[in-house]
Visitor: 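I have a structure here, written as structure tokens, and I will follow up with some questions on it.
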Amino acid sequence: MAKSKILITGGTGYIGSHTAVELINAGYEVEILDNLYNSKRNVIDKIAKITGVRPKFTEVDLMDLAALKRVFAEGEFATVMHFAGLKAVGESVEQPLKYYEINLEGTINLLKCMLEYGVHRLVFSSSATVYGDQPAPLNETMPTGSGISNPYGWTKWMIEQIIKDVCVAHPEFSATILRYFNPVGAHQSGLIGEDPNGRPNNLMPIIMKVAQGEIPELSIYGNDYDTPDGTCVRDYIHVVDLARGHVAALEDLRSGVKIYNLGTGKGASVLEMVKAFSQASGRPLPHKIVGRRAGDLAEVYADPKKAQAELGWKAKLDIDDMMKDTLNYLECQDAKE
Ligand code: NAD
Ligand code: UFG
């Protein structure tokens, strides 16, 4: 018997699709909503192939409040997991209004529907970017909102505040805010992984394009940071671990707002990631050092203890797993072509 129905916004996207798989595997009924701006409809077929269950899918834009209301009117959801939004940091600097409009208004529309239709449980995808430029390891008691370097990051910070305010005004509301560090990797089946529409911005999708020969070499943004090898350090987390963190958060939802880091607690440098990918693939990855990228911080990694203590969740997969599963996903993609 299915436990209870969960609406996943952005569920054909990278993290949402992996979370859908883990939720279905844990016995939940899942419904997916996405406008397919940065993902493809056939992700639903792949989720069905992995789990043996085809989630209901509706192509809806969160900006279309009337269409969103129809989804809620028919859905009888117990919980909403909210992944949908725009996430390209550089684009948000160039087009701030697009980011504020879609990420904020999309979330406000969603919250309006939740209140109107009596759905009071929310899990939201936030980001380590809300911590700004504080020294790592970052923990949930640290202040946020100072040193955020781009409009995308501000939308995450503002949405966190909006959710907190809704919980004050509506004590029946339960919300868990998850601050992700750097999700990478793919599902072990090789069927789903990171497959953004258009030119990628993040390290692993670019490494994948270099490995496929679509980009000649990786440009490493700076090797003069105050880190062990001079390149930036991040907390890379396997997307399947991250997805399982959502199941743990869901099972612990309680009234009011809870905030958790989802990271491994371990930093890896860009050069370490290049080396790990080369070792996994058995081939060198062409790369060169270029100047620093504006807004990059030297070292970002989580203190992950709170999620472990309160949710019983801990990342289990390591960088070798992240690389192996990324390569397997690439091979499965290549085999299809
Ligand atoms: P993604 O782009 O793969 O998934 C987001 C999905 O939302 C896409 O399928 C897109 O089509 C959909 N979408 C966008 N605008 C929409 C709208 N107006 N209406 C309906 N659907 C819409 O991104 P992801 O990596 O899976 O990220 C999921 C969430 O996690 C995002 O909120 C993102 O900001 C957050 N996050 C991601 C990272 C990361 O590095 N990937 C880090 C921290 C936080
Ligand atoms: N990098 C390169 N070359 C590239 C791309 C990235 O050297 O072509 C480096 C970056 O300088 C950085 C590291 O690889 O040091 C990771 O960069 P990403 O763009 O993959 O990720 P960021 O850490 O900059 O940002 C990510 C998400 C944001 C989120 C943030 C939270 O993209 O959404 O983590 O810490 F807000």
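First listed ligand is number 1; within each ligand, the first listed atom is number 1.
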Visitor: Under 3.5 Å, is there a donor-acceptor pair between the side chain of S4 and the main chain of A78?
Guide: no

Visitor: Any idea which protein heavy atom is nearest atom 24 (P) of ligand 1, and the distance to it?
Guide: K87 NZ, 3.7 Å

Visitor: Is there a path of hydrophobic side-chain contacts, each under 4.5 Å between heavy atoms, that joins I259 and M81?
Guide: no

Visitor: Which protein heavy atom lies closest to atom 20 (O) of ligand 2, and at what distance to 0.1 Å?
Guide: L203 N, 2.8 Å

Visitor: Contact between G106 and ligand 1, counting heavy atoms under 4.0 Å?
Guide: no

Visitor: Under 4.0 Å between a side-chain nitrogen and a carboxylate oxygen: does that hold for K266 and E272?
Guide: no

Visitor: May I ask you to decide if G265's main-chain N or O and D235's side chain share a donor-acceptor pair within less than 3.5 Å?
Guide: yes

Visitor: Students should be able to answer this: which protein heavy-atom is nearest to atom 1 (P) of ligand 1, and at what distance?
Guide: N38 ND2, 3.8 Å

Visitor: Relative to atom 13 (C) of ligand 2, which among Y301, Y236, Y180, Y221 owns the nearest non-hydrogen atom?
Guide: Y236

Visitor: Is the shortest distance from a heavy atom of N103 to ligand 1 less than 4.0 Å?
Guide: no

Visitor: Would you mind checking which non-hydrogen protein atom is closest to atom 4 (O) of ligand 1, with the distance to 0.1 Å?
Guide: G13 CA, 3.5 Å

Visitor: Kindly say whether F57 contributes a backbone atom to a donor-acceptor pair with the side chain of R41 at under 3.5 angstrom?
Guide: no

Visitor: Of all the non-hydrogen atoms in the protein, which one sits nearest to atom 7 (O) of ligand 1, and at what distance?
Guide: A84 CA, 3.3 Å

Visitor: Do any heavy atoms of I102 fall under 4.0 Å from ligand 1?
Guide: yes

Visitor: Would you say the side-chain atoms of H238 pair up with the backbone N or O of K316, donor to acceptor, closer than 3.5 Å?
Guide: no

Visitor: Using a 3.5 Å distance criterion without hydrogens, assess whether the side chain of S39 forms a donor-acceptor pair with backbone atoms of L36.
Guide: no

Visitor: Checking a contact table here: which protein heavy atom is nearest atom 17 (O) of ligand 2, and how many Å away?
Guide: R293 NH2, 3.4 Å

Visitor: Test your reading of the structure: does E194 have an N or O sitting under 3.5 Å from an N or O of ligand 1?
Guide: no

Visitor: Counting only heavy atoms, tell me which of D296, I206, L297 gets closest to atom 11 (O) of ligand 2.
Guide: D296

Visitor: Are the side chain of N150 and the backbone N or O of V89 linked by a donor-acceptor pair below 3.5 Å?
Guide: no

Visitor: Among all protein non-hydrogen atoms, which one is nearest to atom 18 (P) of ligand 2, and what is the separation to 0.1 Å?
Guide: N202 ND2, 3.5 Å

Visitor: Applying side-chain contact (heavy atoms from CB on, under 4.5 Å), run through Y28 and E251 and close with a yes or a no.
Guide: CA-CA 11 Å; Y28 290 94; E251 294 185 342; 2.8 Å; yes

Visitor: Could you walk me through whether N35 and D61 pass the side chain to side chain donor-acceptor pair (under 3.5 Å) test, one step at a time?
Guide: CA-CA 5 Å; N35 68 352; D61 196 313; 3.2 Å; yes

Visitor: Please verify whether a non-hydrogen atom of D61 lies at under 4.0 Å from ligand 1.
Guide: yes

Visitor: Please list the nearest protein heavy atom to atom 15 (O) of ligand 2 with its residue and the distance rounded to 0.1 Å.
Guide: C232 CB, 2.9 Å

Visitor: Does Y180 form a side chain to side chain donor-acceptor pair (under 3.5 Å) with S125? I'd like the steps, not just the answer.
Guide: CA-CA 7 Å; Y180 309 158; S125 306; 2.7 Å; yes

Visitor: Which of the atoms of ligand 1 are close to V60, meaning less than 4.0 Å from one of its heavy atoms?
Guide: 19 (N), 20 (C)

Visitor: Less than 3.5 Å between some nitrogen or oxygen of L33 and one of ligand 1, yes or no?
Guide: no

Visitor: Starting from atom 35 (O) of ligand 2, find the nearest protein heavy-atom neighbour and note its residue, name and distance.
Guide: A128 CB, 3.7 Å

Visitor: Which residue owns the protein heavy atom closest to atom 9 (C) of ligand 2, what's the atom, and how far is it?
Guide: V270 CG2, 3.8 Å

Visitor: Which protein non-hydrogen atom lies closest to atom 31 (C) of ligand 1, naming both residue and atom, and how far is it?
Guide: F83 O, 3.1 Å

Visitor: Just go through Y152, Y14, Y180 and tell me whose heavy atom is the nearest to atom 33 (C) of ligand 1.
Guide: Y152

Visitor: Tell me whether V21 shares a hydrophobic cluster with V43, the cluster being built from Ile, Leu, Val, Met, Phe, Trp, Tyr side chains joined at under 4.5 Å.
Guide: yes

Visitor: Return the option from G222, S127, G153, P205 holding the heavy atom at the smallest distance from atom 30 (C) of ligand 2.
Guide: S127

Visitor: In ligand 1, which numbered atoms sit nearer than 4.0 Å to a non-hydrogen atom of Y37?
Guide: 11 (O)

Visitor: What closest approach, in Å, do L122 and F173 show between heavy atoms, and which atom pair accounts for it?
Guide: CB-CE2, 4.1 Å

Visitor: From atom 15 (N) of ligand 1, work out which of G85, S39, P183, G10 has a heavy atom at the shortest distance.
Guide: G85

Visitor: Can you confirm, on distance only, whether ligand 2 has an N/O atom lying under 3.5 Å from any N/O atom belonging to R234?
Guide: yes

Visitor: Could you label the plane-to-plane angle of the F72 and F77 rings as parallel, tilted or perpendicular, counting under 30° as parallel and over 60° as perpendicular?
Guide: perpendicular

Visitor: Checking contacts here: is it the side chain or the backbone of K156 that comes within 4.0 Å of ligand 1, counting heavy atoms only? Could be both or neither.
Guide: side chain

Visitor: Quick check on G11 - does any of its heavy atoms sit under 4.0 Å from an atom of ligand 1?
Guide: no

Visitor: Under the criterion side-chain contact (heavy atoms from CB on, under 4.5 Å), which of I44, T9, V60 is the partner of I32?
Guide: I44

Visitor: Can you pull out the closest protein heavy atom to atom 3 (N) of ligand 2? Residue, atom name and distance to 0.1 Å, please.
Guide: S219 O, 2.7 Å

Visitor: Measure T231 to ligand 2 on non-hydrogen atoms and call it side chain, backbone, both or neither using the 4.0 Å cut-off.
Guide: neither

Visitor: Quick test of your reading of the structure: of T107, I15, T9, whose heavy atom lies closest to atom 37 (C) of ligand 1?
Guide: I15

Visitor: Kindly identify the option in V210, N182, L138 whose heavy atom sits closest to atom 26 (C) of ligand 2.
Guide: N182

Visitor: Please list the nearest protein heavy atom to atom 17 (C) of ligand 1 with its residue and the distance rounded to 0.1 Å.
Guide: N35 ND2, 3.3 Å

Visitor: Do K314 and D241 sit within salt-bridge range, that is, some charged N less than 4.0 Å from a carboxylate O?
Guide: no

Visitor: Give the atoms of ligand 2, by number and element, whose distance to some non-hydrogen atom of Y152 is under 4.0 Å.
Guide: 33 (O), 36 (F)

Visitor: Would you call R179-E140 a salt bridge at under 4.0 Å N-O?
Guide: no

Visitor: Hey, looking at atom 44 (C) of ligand 1, which of A88, G16, S125, S126 has the closest heavy atom?
Guide: S126

Visitor: Looking at non-hydrogen atoms alone, which of D195, L110, D34 comes nearest to atom 6 (C) of ligand 1?
Guide: D34

Visitor: Less than 4.0 Å between a side-chain N and a carboxylate O, is that true for R70 and D64?
Guide: no

Visitor: Surrounding CZ of R199 (heavy atoms of other residues, nucleotides or ligands, distance under 6.0 Å), is the total greater than 12?
Guide: no

Visitor: Give the residue, atom name and distance (to 0.1 Å) of the protein heavy atom nearest atom 19 (N) of ligand 1.
Guide: L62 N, 3.0 Å

Visitor: Number the atoms of ligand 1 from 1 as they appear, then name those within less than 4.0 Å of a heavy atom of L36, with their elements.
Guide: 11 (O)

Visitor: Using heavy atoms and a threshold below 4.0 Å, how should the contact between A128 and ligand 1 be classified: side chain, backbone, both, or neither?
Guide: neither

Visitor: Between K5 and E76, does any NZ, NE, NH1 or NH2 come within less than 4.0 Å of an OD or OE carboxylate oxygen?
Guide: no

Visitor: D296 and Y225: side-chain contact (heavy atoms from CB on, under 4.5 Å), yes or no, with the steps?
Guide: CA-CA 10 Å; D296 270 345; Y225 285 95; 3.6 Å; yes

